[in-house]
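Letters A, B, ... are given to chains in the order of the sequence lines, protein chains preceding strands, and every chain is numbered from 1.
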Amino acid sequence: MIPDDLNPAQKEAVSHEGGPLLVLAPAGSGKTRVVISRLLYLFDRHGWADDRILTVTFTRKAARELVHRISRVRPSSRPTWVGTFHSVAARMLREHAEKVPLPREFTIIDGADQKQMIKDLLARIGVSEKEADPKSIQGRIGKWKTSGISPEEALASSFGPFRLQSELYGAYQESLRLQGALDFDDLLLTLVRCLEQNREIRETYQNQFEHILVDEYQDTNALQEKILRLLSRDRQNVTVVGDDDQSIYHFRGAEVGHILSFPREYPGARQVVLTVNYRSTRPIVSAASAMISSALSRYRKEMVSTGRTGDPVLLRRLDSEWAEARFVAQSIQKKVSEGSMFRDQAVLFRMNVQAQPFVKTFSDMGIPFQTRGAVEGFFNRREVRDLLAYLRLSVNPLDLTSLGRILNVPPRGLGDKAREKLEAFSRSAPASARELLERLSLDLAGKSRDSARALATDLEEAERKARQGEGPSAILQFWIGRTGYESWLSESEDSDSGKGRPDNLRELVRMGERFESGWTPQNGRTPTGVFLEELALTQEDPGETGESPDRVSLLTIHQAKGLEFRHVYLAGAEEDILPMRSRDKMDIEEERRLFYVAMTRARESLAITWCLTRQLFGRTDSSRPSRFLLDLPGEVVAGDRPVLDARPSSLRRQTAGAVSGQSGHAFRLPSPVHTLSRNGPSSSTGEVTGPGPIRPEWVGRKVIHPRFGTGRVEEAHGEGGDLELAIRFDGLGIRRLLERYANLRVEG
DNA sequence: GGCTTGCGCCGCCCG
DNA sequence: GGCGCAAGCC
Ligand SMILES: Nc1ncnc2c1ncn2[C@@H]1O[C@H](COP(=O)(O)OP(=O)(O)OP(=O)(O)O)[C@@H](O)[C@H]1O
């Protein structure tokens, strides 16, 4: 019943009875393993049916994986309540749609739809996007929702610039309601309200769930915490598992306080501590422990390795992001030639744009890879979003945002005029898309009239198809045929931006087909409805089988959470990237945790790279090594030294070679106190001069930059190609640039 | 009404 | 370097 190879602490956690349980443990210590074993244990021990335990995972992929692993160990059982808080909420809300009340086929909208709606609302009240930035409004609404603040409450307590935001919040909610739509936060918020207010529904679930397990508990937000409490029986039948050092979603409202105060908040809680990192070799464990031990305000945990030896953590400095990609590509090929698979390896980075050089380089060198960014790119293609809007409308005819999107796409004579009329109708008397279109046709003449009528008829047919259970592929085909979308695309296809658009349509249809072939009927749900929900909740191909082909993974660190790879390459360990400099504030502690999460994904080998220069948004800047590199103990790293060094690169390479040695000779890095942490990266404001000869003759010169315009040199150091200037540009503040890349014109 | 063109704006992390 | 949007032309 309990796997023999678990250690005593793990076994204790798995078999704990009576009262809430917290497993607070470091990376790779087998927390997820404990969740799975405990799930199986509880089913066996108590003979509970498949739907009596709720397991909450952080991603849907983790949920799939968990179900898969369970069915492998015990083919007879297939837990039916496994998912993210969002998907669990969506499911519960649909089960009780009439009582909430919500239309059963409510639409789940993503961030992009959300932004579009806010833009539409701003346009409606005649406020320009300069006066009110849609993105910050979106963010504000999200914060209000996560704090459980209603539009009325927001309005009552806001003043000044927040006034408009809170008014918009109200309008936005009303618009969602009329359209039968929920955004991500609404899924949680609506469920919280429903459970709070409806005792019957609450008790149904409390009775149903004998136990609730939550993985990655450190990254739950306030609403998710409320849901957990509401679903539990007096906070007793709950197991939570997590690591405060791996809390990396503060930016979207997660609060590490939930895990830290669990023992206080959940009466009688038992806490189990795991300390052995089974995942990684000793050097990786040591390096990661050292780097996280400098974190502030953490729950101090021990992390010990199994003693498994391995190569030191390889540090590598490169000239540019292209050199970085080439270096990683070569390392990957080397590992493959030594017997590893491509799928054993992953490249991790802080932000998606960093994937680009890797994508190009890997393609050129014939290295198979997969990126989430490409998938996202696909779903953000205009033609894909258009077609999905048609599909959404077929399932939920109240979805006027989708109607607005496709009203005149392809062009059918329903332009701005028609749109205005439609707006007016829907405001005076809310109605379905079809009703509105019929109404509109009465108000138009000629071709436009016919178009509106035809669209209404088509819509009716599509709705019927969806209701009768036709799958997404058939309905997509129907719309492609009816609208002539494909031929419109090929006609209007201009040289580059239209490339491959028809292919994307076909790919979308194929996705639908794949989904249908794996679809098993669920009570009361239509396949097209489920397809759309899967899409909304994952932004992933719902037809994806879950088998992993032999490809290298290109992932952001956030995406890599909870995963492990034999070989990991952490790219872009640079100031302003990791840690990332954000416009408003930098949460250096969260950045440190990100670095820690990245390192601890590696089982056997870890290489960390940084670049001297990097092209971001079309301009080349000099880059400095991440301050976090200085926290890695010299005994467990090899390779280049992360110091800010302005000497010519030829010289630098010689020195580095002499120090590092190829075969992994350990060396001791200078103590951080005496080097970078005092006058290096932490002073990215630019007052401090970096090493290298100072070049006073440059200071005070006026220069012209092709982008930034005129500026004055404030500081200069370094020679030849490594001459670095700190220039104060009018209105832009100080920028540090390498003279050789900056294309400067010097005046006077 | 529909299409082109040029300009401004941005820059993250996500269910 | 790429996208969305407003202006301006057919
Ligand atoms: N008792 C054990 N003996 C051997 N290997 C184990 C044991 N427990 C866990 N492992 C292995 O250690 C690795 C990490 O386990 P798991 O993913 O469950 O850790 P985790 O604590 O959830 O990690 P993280 O928090 O970093 O995501 C897995 O490969 C797992 O199979």
*What class does the angle between the rings of A:W144 and A:Y169 fall in, given that below 30° is parallel, 30 to 60° is tilted and above 60° is perpendicular?*
parallel
*Using whole Å, report how far CD of A:Q138 lies from P of B:dC12.*
13 Å
*Among B:dG15, B:dG1, B:dC12, the nucleotide that comes nearest once only the side chain of A:M351 is considered*: B:dC12
*Answer with yes or no whether A:R350 presents, from its side chain, a donor or acceptor under 3.5 Å of a partner atom in the base of B:dC12.*
no
_Testing A:E575, A:E591, A:E574 one by one against A:R627 for a side-chain hydrogen bond (donor to acceptor under 3.5 Å, both in side chains), which residue passes?_
A:E575
*Report which part of the nucleic acid A:K135 touches: base, sugar-phosphate, or nothing (heavy-atom distance under 4.0 Å, all strands).*
sugar-phosphate
*If you measure only the distance, is there a donor-acceptor pair under 3.5 Å linking the side chains of A:Q218 and A:E216?*
yes
*Base, sugar-phosphate alone, or nothing: which one does A:F85 contact when heavy atoms must sit under 4.0 Å apart?*
nothing
*asked:* Is it true that A:Q173 and A:K145 share a donor-acceptor pair across their side chains at a distance under 3.5 Å?
replied: yes
*Please report, rounded to the nearest Å, how far the P atom of B:dG15 is from the CG atom of A:L187.*
13 Å
*Side-chain ion pair, A:D386 and A:R405, N-O less than 4.0 Å*: yes
*asked:* If you compare every side-chain N and O of A:N352 against the phosphate oxygens of B:dC13 (OP1, OP2), does one of them come in below 4.0 Å?
replied: yes
*Nearest-nucleotide 5' precedence on DNA chain B, A:E590 against A:G415*: A:G415
*Do A:T32 and A:D215 have a side chain donor and acceptor closer than 3.5 Å?*
yes
Listed pairs, N/O of protein and of nucleotides 4-8 of chain C, under 3.5 Å:
| residue | atom | partner | partner atom | Å |
| --- | --- | --- | --- | --- |
| C:dC5 | OP1 | A:K119 | NZ | 3.0 |

*Within this structure, what is the CD-to-C1' distance between A:Q224 and B:dC14, rounded to whole angstrom?*
12 Å
*Rounded to the nearest angstrom, tell me the gap between atom NE2 in A:H558 and atom C1' in B:dC14.*
8 Å
*Rounding to a whole Å, what distance do you find between A:N408:CG and B:dC3:C1'?*
12 Å
_Just the rounded figure in Å: distance from P of B:dC14 to CG of A:D183._
18 Å
*To the nearest angstrom, how far is A:L188 atom CG from B:dC14 atom P?*
18 Å
*When all nucleic acid strands are considered with a 4.0 Å heavy-atom cut-off, which category describes A:Q559: base, sugar-phosphate, or nothing?*
sugar-phosphate
*Nearest of B:dG2, B:dG1, B:dC14 to any side-chain atom of A:F251?*
B:dC14
*Using Watson-Crick and G-U wobble pairs with both distances under 3.5 Å, what is the 5'-to-3' dot-bracket string of DNA chain B, with [ ] for crossing pairs and | for pairs outside the strand?*
||||||||||.....
*Are any of A:T556's side-chain N or O atoms less than 4.0 Å away from OP1 or OP2 of B:dC14?*
yes
*Would you say A:E534's side chain and A:F531's backbone share a donor-acceptor pair under 3.5 angstrom?*
no
*Ionic contact status for A:E420 with A:K417, cut-off 4.0 Å*: no
*asked:* Would A:R592 pass as a cation-pi partner of A:F628, given that its NZ or CZ must be under 6.0 Å from the six-membered ring centre and within 45 degrees of the axis?
replied: no
*Flag the pair A:R385 and A:D113 as a salt bridge only when some basic side-chain nitrogen lies within less than 4.0 angstrom of an acidic carboxylate oxygen.*
yes
*At under 4.0 Å between heavy atoms, what does A:R412 touch on the DNA or RNA strands: base, sugar-phosphate, or nothing?*
sugar-phosphate
*In whole Å, what is the span from the CD atom of A:E321 to the P atom of C:dG1?*
12 Å
*Does A:M580 offer a backbone N or O that forms a donor-acceptor pair with the side chain of A:D576 under 3.5 Å?*
no
*Closest listed nucleotide, where the reference is the side chain of A:D185 and the choices are B:dC14, B:dC12, B:dG15*: B:dG15
*Identify, between A:S448 and A:F58, the residue whose nearest nucleotide on DNA chain B lies closer to the 5' end.*
A:S448
_Can you tell me if A:R372 touches the phosphate of B:dG15, counting only side-chain N or O atoms and a distance under 4.0 Å to OP1 or OP2?_
yes
